Amino acid sequence: GGSTSTGASAAPAEKAEAVSEAPAEEAPAKPEAESEAASEGAASTDEAISAVAADTEGLDVKNLTLAYVPTTMNNPFWSAMMGGIKDEMKALGMDPETQLVTVDADSDQAKMNNFVYDLINQKVDAVILAPMDTTAVTEALQACADAKIPVINVDTPVDRNDLVESIVASDNYTAGVLCAQDMLEKLDPGSKVYIMNQPSGAACVQREQGFRDTVGDTFEIVGTSDTEGDTATTLPVAEDAITADADLGAFFCINDMGALGCVQAAAAAGRNDILIYGVDGNPDFMGYVKDGSATASAAQQPSVIGSTAVDEAINAINGKTVDKEVVVPVELITGENISNYDISDWQ
Amino acid sequence: MDKKSSGSNIFMQPVKAYFKQNYGILLAFLVMCVFFTIFGNNFLTKTNILNLLRTCATNCYLAIGVQMAIILAGIDLTGGALAALSGVLCVMTFENAGLPIWMGILVGVVLGMIVGFANGSIITYTGIHPFVVTLAMQSICRGAAYLFANGSPVTTTERSFGVVGTGSFGPIPLPVVYMTVFLIVDFFTLNKTQMGRSIYAVGGNELAAKFSGINLNRVKIFVWTVSGAMAGFCGVILAARMSSGQPSTGEGYETDAIAASVLGGTSFFGGTGSVGGLIIGVLIIGTISNGLNLMHVNSYWQFVLKGVIIIVAVYTDRLKQKRQNAA
Amino acid sequence: MDKKSSGSNIFMQPVKAYFKQNYGILLAFLVMCVFFTIFGNNFLTKTNILNLLRTCATNCYLAIGVQMAIILAGIDLTGGALAALSGVLCVMTFENAGLPIWMGILVGVVLGMIVGFANGSIITYTGIHPFVVTLAMQSICRGAAYLFANGSPVTTTERSFGVVGTGSFGPIPLPVVYMTVFLIVDFFTLNKTQMGRSIYAVGGNELAAKFSGINLNRVKIFVWTVSGAMAGFCGVILAARMSSGQPSTGEGYETDAIAASVLGGTSFFGGTGSVGGLIIGVLIIGTISNGLNLMHVNSYWQFVLKGVIIIVAVYTDRLKQKRQNAA
Amino acid sequence: MAKELLRMENIVKTFPGVKALSNARMVLHEGEIMGFMGENGAGKSTLMNVLGGIYQPDSGEIYIEGRKVEVHSVHESQALGVAFIHQELALEPHLTIAENIFLGRTIKNRFGLVSQNLMAEAAQPYLKRVGLDIDPREMVGRLSMGQQQMVEIAKAFSLNAKILILDEPTSSLSEREVEVLFRTVRELKKQGMGIIFITHKMAEVFQLCDAVTIMRDGAYMDCLRSEECSEQKLISLMVGRDLGNYYVRNFNEPGEVMLEVKNVTAGKRAVNCSFYVRSGEILGFYGLVGAGRSELLESVMGLYPMNGGEVILNGEKLSRHDPSYMQQHGAVLVPESRKTQGLLLNNTIGFNISLPSIREFIGHLHVNRAKEESIIDHGMRSLSIKAPSSHVNVSTLSGGNQQKVLLSKWLATDPKVLILDEPTRGIDVGAKAEIYSIINDLAKAGMAIVLISSEMPEVMNMSDRMIVMSEGRITGELNRSEYTQEAILSLGMGVAN
Ligand SMILES: Nc1ncnc2c1ncn2[C@@H]1O[C@H](COP(=O)(O)OP(=O)(O)OP(=O)(O)O)[C@@H](O)[C@H]1O
Ligand SMILES: Nc1ncnc2c1ncn2[C@@H]1O[C@H](COP(=O)(O)OP(=O)(O)OP(=O)(O)O)[C@@H](O)[C@H]1O
Ligand SMILES: [Mg+2]
Ligand SMILES: [Mg+2]
């Protein structure tokens with residue numbers, strides 16, 4: 001059918017500034033008329049807020065299959081991103097139940113590469129992919145390129161950006177920077193800080209780097225542990241960290257799931273003075289930020305990333321202009337500004 | 001005079017026997033403790049000891065069941081995944097279904113029992129090796145946990161549920177209190193009940209046990225059911241400590257439980273293993289990471305050291321046993 | 001006439017024997033394939049089959065070693081972690097140390113052999129159960145992989161290294177070519193060499209093998225060394241495919257390798273297991289996730305189904321064996 | 001006539017593919033010791049397992065004290081007063097004596113908890129009755145075979161059994177221990193117990209039993225009073241034909257010294273032992289069970305480390321010392337336990353026979369099928385192993401045929417020195433006769449043979465010379481002309497002459 005003109009969803013005005021094009025790329029002119037015409041359709045689906053608009057002209061969207069390949073499915077961040085993808089697909093008149101394929105790579109790049117081959121065999125029309133490793137994903141990207149299937153890279157930019165149509169990512173480095181800046185304000189110089197990291201994830205490395213670059217040697221980093229961003233793994237390590245340094249000032253965690261472990265550890269030790277920082281904007285963690293058990297999270301907007309990726313994918317399939325790089329900004333949500341946000345769900 | 005010596009005997013004999021039986025591994029543990037006291041921060045403080053025990057507790061719940069399975073010359077690999085599933089369903093019971101909290105806890109434990117019962121029944125009636133059955137069940141439980149939770153943690157804000165995992169009895173954290181109770185029950189079950197003695201008998205010589213009229217099926221199903229229940233309880237406590245049922249939690253926990261059993265002198269050939277040994281095994285596993293954390297040792301080194309310590313400690317124990325047998 | 005029938009015998013007999021021996025599990029595999037052909041997209045296409053085989057290859061490398069260990073009534077749990085370590089060191093050899101690429105590949109495989117040799121020696125000379133030794137070694141390898149790589153993947157831009165994993169021979173991906181070669185060598189080793197016979201003998205009855213003049217130590221060390229080498233090779237191929245040595249990769253791979261062996265009729269009690277069976281086992285494990293992916297089945301359901309399929313398939317195989325023994 | 005305790009009629013039991021019992025029958029009275037004989041695989045153990053509640057019969061009736069009963073489980077059998085001591089000892093090595101005695105029926109204190117002390121106390125009188133003066137808290141794994149047997153009997157006492165089944169109880173006992181066992185059994189008889197005594201040893205039947213029941217191929221043959229039966233009659237009932245004198249031996253002039261052992265000390269049990277054996281002769285090794293014969297020869301073969309001494313094989317002093325080296329130089333040992341040391345029960349006959357000689361037909365990546373087949377065929381034919389084909393599993397064979405597979409396995413390596421450790425343990429008279437004739441042929445062909453045996457008639461009839469061991473030491477050597485029971489026994493008991 002040709003009646004797909006309701007598809008595109010425009011970015012509402014107040015959210016528009018939340019999207020900045022990457023400076024290096026020339027900002028492509030948006031088809032303004034289209035997006036305005038479609039804004040009604042967008043309003044009917046609540047959360048489909050996208051940075052760009054999909055041009056579905058001349059495309060039978062009902063016959064498309066999109067694939068979503070997150071790093072892992074056991075972190076709600078990725079479910080939130082999938083939520084954004086599904087909402088945007090609905091807004092475009094697609095049925096995510098039958099037109100969206102997902103696989104769980106279980107934080108293993110080798111597995112992800114294998115699964116991408118499976119997706120290519122199913123002849124999906126586009127792949128939305130978040131790599132575990134920015135280099136190791138090349139095999140999968142090459143395979144997609146060979147099969148002429150467009151890849152929309154989300155969350156963490158891959159090394160071989162010539163193999164992907166578009167990169168829609170949070171600014172992970174800035175996420176670390178934001179946390180560091182807040183910590184520099186709230187914590188005396190020379191205080192002890194403990195870092196929970198996960199060097200095997202490229203995005204996590206960038207966050208840690210942003211944090212470390214910003215704090216410099218203002219604080220004493222007493223320890224780092226690779227707790228894989230997992231609550232249960234972080235919990236005992238955080239308990240031990242508090243025991244080892246009775247005057248520990250703060251935890252910086254590369255994600256909110258890990259930070260949740262620190263919150264429980266601090267609570268168990270009766271230490272509500274320890275600052276706890278996370279990255280993601282996980283609603284559960286936001287709850288603790290609100291009641292003061294945690295300090296702040298550099299919130300990403302997974303559903304915005306997801307919906308934008310869908311739009312880019314549709315454009316790529318349709319042979320329309322695609323933004324090479326879309327940086328979805330992160331915002332630091334702290335106890336002070338939390339009332340400005342709806343923390344009941346992911347952004 | 002006579003009275004006094006006999007009195008001291010009653011109390012001292014089991015203690016002496018305990019030391020004699022476990023001195024190899026006890027020594028290893030002591031060396032570790034001394035080392036960490038010298039090189040770690042605050043190792044020998046009240047808070048750290050309580051902290052260490054709390055961390056040990058969850059491993060201990062699983063290890064109690066796993067040890068029974070190993071005594072039976074079997075194994076149980078379902079623990080970690082089952083704990084995740086139980087935690088998820090426990091929280092969902094009161095968060096999503098709106099039932100009271102105690103029902104949630106019950107659901108967690110009973111679910112563990114059901115899965116354990118299924119393990120035991122399949123092992124008994126199909127004759128498939130426990131390794132295969134419990135490995136397959138691990139996969140099933142992990143999948144089910146994700147399915148029920150829809151991939152994301154199921155969180156709760158119920159304070160009273162959190163207390164189950166984070167509260168304390170006097171200075172002692174509740175998980176440690178439960179651990180103590182379970183260990184006592186475990187001790188009595190293994191040593192003082194017909195079922196316990198049957199477990200050793202079946203593990204030591206299955207045919208002999210059968211010829212003595214022991215109902216093999218009952219013993220096997222009992223052991224895996226208990227192991228499942230312990231995993232279920234472990235899941236409930238983990239969920240309570242984190243205020244959320246996490247489908248991804250518990251990965252590899254069964255490995256630590258197995259390591260604790262083996263360190264405590266439980267033989268893979270079945271028929272042997274004591275609760276006293278298990279306690280040291282659990283403590284060693286817990287102390288490795290606690291002590292190294294306190295020394296700010298990289299978590300990667302902890303993997304390496306854990307492996308080395310397991311081999312060395314088990315070997316020491318074997319040497320000691322050989323010497324004892326020779327004497 | 002006579003000639004013809006005898007000619008067909010030479011070729012048909014082993015095939016017939018193969019079908020007779022494995023029909024239970026072959027049937028299960030066939031049912032799966034038919035099911036996926038009907039309900040999945042493009043299951044029975046050339047690309048998908050090559051793809052499926054490529055996925056199977058890495059599991060197969062490990063499974064060859066693991067099966068040998070199981071035939072020996074042992075086990076090898078080091079595979080996944082050792083693959084990670086080998087991959088990391090392989091890439092580091094030419095990226096960091098500046099040596100030629102073939103040296104990197106050699107380092108990966110030789111490292112695997114060394115770790116496997118260590119496993120075998122410890123098992124042989126300390127008498128500690130293989131489960132414990134290889135589990136501890138798993139922890140050591142995982143830690144070492146992280147330590148060498150400093151936690152993050154070690155990447156390379158060497159095209160020629162990537163080709164080792166992603167190239168193809170005609171239409172056939174290189175990893176599949178290696179797999180085929182290894183399976184042939186494995187078949188010859190197990191069936192046509194003294195060592196192969198000895199492996200079955202030691203697994204079937206260790207003492208009897210010893211009395212028959214078989215050098216137990218040599219056999220055991222051989223098996224675990226081969227298994228280590230295969231894991232090392234697996235790590236090299238994984239690294240080549242990803243152009244990076246990832247310290248976190250390979251978690252749980254040993255589980256799939258064990259599952260493949262068991263599905264292929266290798267008994268945990270030792271002494272039995274065929275290469276033919278192993279091939280079907282590897283194919284089944286690979287097909288489960290490939291087929292379910294093609295059917296758009298949720299990855300969580302895949303966990304559940306994998307568990308169920310393993311139990312059902314192994315049970316079917318046991319039933320068949322019982323019936324055959326009865327006949 | 002004493003009261004009838006047990007009557008089993010028309011018992012039929014089939015296993016998949018095997019009709020183990022076609023028409024079995026057994027009658028037992030109070031105070032009667034009933035010998036129970038038959039070839040390997042005749043169905044003796046199976047019939048007893050039916051009575052013991054381990055197998056369910058396909059059809060047939062069981063009456064206990066005239067009452068028809070059905071036995072569905074071990075528990076029910078025990079409740080009916082049946083105690084069963086199995087062919088393979090069924091004890092728990094890691095549990096105490098007391099616990100083993102009360103296994104499955106643990107004694108509890110007033111809190112319902114298992115009490116080791118109460119059990120130890122309760123076990124005491126039973127242990128006394130079987131003459132075991134050991135702390136009941138001792139682990140069973142630390143006891144000798146004979147002591148373990150006594151624990152089994154004590155267990156039978158504790159069950160208040162009216163019927164006691166002993167399945168080949170003497171096959172692993174020393175003569176002294178056999179004496180104790182017989183005394184105990186006679187004691188039980190006096191107390192009115194009915195005893196079923198399965199054995200392959202003729203002498204024991206005449207020594208101990210009041211009557212003998214004989215089975216052949218799963219069917220009841222006859223029941224004879226001891227007084228009215230002779231060895232010949234028993235044998236012909238069991239095997240269906242006369243065997244004549246089954247010790248076959250043609251003595252010939254021994255040749256070169258093939259194996260010489262000088263001052264070998266191995267472990268604690270074999271101390272400073274020297275002996276030699278020549279081609280064409282059979283050297284008997286006699287001693288009570290546990291005298292250290294197996295340990296000595298296993299060490300000589302390199303199966304266990306040797307502490308001192310030297311081994312000279314075929315005139316050559318050995319530098320290396322391991323079984324495969326010994327084998328390549330022509331010396332092999334056929335171990336005493338076919339199940340644990342000898343055979344791969346779940347592998348085929350062919351695999352077992354060819355195992356020690358794989359070097360002969362497997363080269364580098366090439367199997368010489370024809371050679372392999374010929375080795376297996378020759379092995380099966382020369383020892384006339386009764387089996388459908390070489391592809392069946394050894395576990396399906398009768399004990400005698402398993403023993404022959406064991407022999408042919410090592411004969412396939414074409415040895416010059418053959419060490420046989422208890423080659424006839426647990427096999428029936430027919431199979432025994434065949435094995436003796438094989439041994440005789442081998443000696444005639446010039447092989448040097450060492451024959452270890454605990455059966456005095458066997459060593460006396462088969463050997464040229466005899467070495468007697470006691471408690472790890474060689475206490476004497478006798479030439480054929482010096483063989484007398486008294487001389488041998490006194491050496492065996494460690495009394496120097
Ligand atoms: N569980 C079983 N499954 C299949 N066949 C069996 C089983 N138990 C016994 N048989 C077969 O039944 C027959 C009788 O065996 P049984 O053990 O009763 O003989 P036996 O008279 O005790 O011999 P032996 O003197 O060697 O102990 C044999 O052919 C044996 O192979
Ligand atoms: N591996 C072992 N560990 C402990 N004790 C052993 C071991 N092997 C043998 N023994 C004991 O050593 C003694 C000598 O055993 P050995 O088998 O050499 O005697 P034997 O004269 O051959 O008698 P048998 O008829 O039992 O074979 C026995 O008491 C036996 O129980
Ligand atoms: Mg028998
Ligand atoms: Mg002996």
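All figures in this text were calculated on a predicted structure; none of them were measured in a lab. Chain A is the first sequence line, chain B the second, and so forth, proteins listed ahead of strands; every chain is numbered from 1.
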Does B:F117, at its CZ atom, have more than 12 non-hydrogen atoms belonging to other residues, nucleotides or ligands within less than 6.0 Å? no
Just checking B:F148: does its CZ atom have more than 12 heavy atoms from other residues, nucleotides or ligands closer to it than 6.0 angstrom? no
Please round to the nearest 0.5 Å and tell me the distance separating atom CD of C:Q138 and atom NZ of B:K306. 10.0 Å
For B:F131, is it the side chain, the backbone, both or neither that has a heavy atom under 4.5 Å from a heavy atom of chain C? side chain
CE/C:M137 to CD1/B:I310 distance, rounded to the nearest 0.5 angstrom? 11.5 Å
For chain B, which candidate among C:A136, C:A81, C:S299 shows the most heavy-atom pairs at distances under 4.5 Å? C:A136
Under the 3.5 angstrom rule, does the side chain of C:S139 hit a backbone N or O of B:F303 as a donor-acceptor pair? yes
Classify the angle between the aromatic ring planes of B:H129 and C:F269 as parallel (below 30°), tilted (30 to 60°) or perpendicular (above 60°). tilted
What are the residues of residues 248-264 of chain C, in order of number, with any heavy atom under 4.5 angstrom from a heavy atom of chain B? C:T255, C:I258, C:V262
Sort B:L305 into side chain, backbone, both or neither according to what part of it lies under 4.5 angstrom from a heavy atom of chain C. neither
Option in B:V308, B:I140, B:I311 with maximal non-hydrogen atom pairs under 4.5 Å from chain C: B:I140
Answer with side chain, backbone, both or neither: which region of B:L147 has an atom nearer than 4.5 Å to a non-hydrogen atom of chain C? both
At a heavy-atom separation under 4.5 Å, does B:I128 approach chain C through its side chain, its backbone, both, or neither? both
Please say whether more than 12 non-hydrogen atoms of neighbouring residues, nucleotides or ligands are located less than 6.0 Å from CE in C:M92. yes
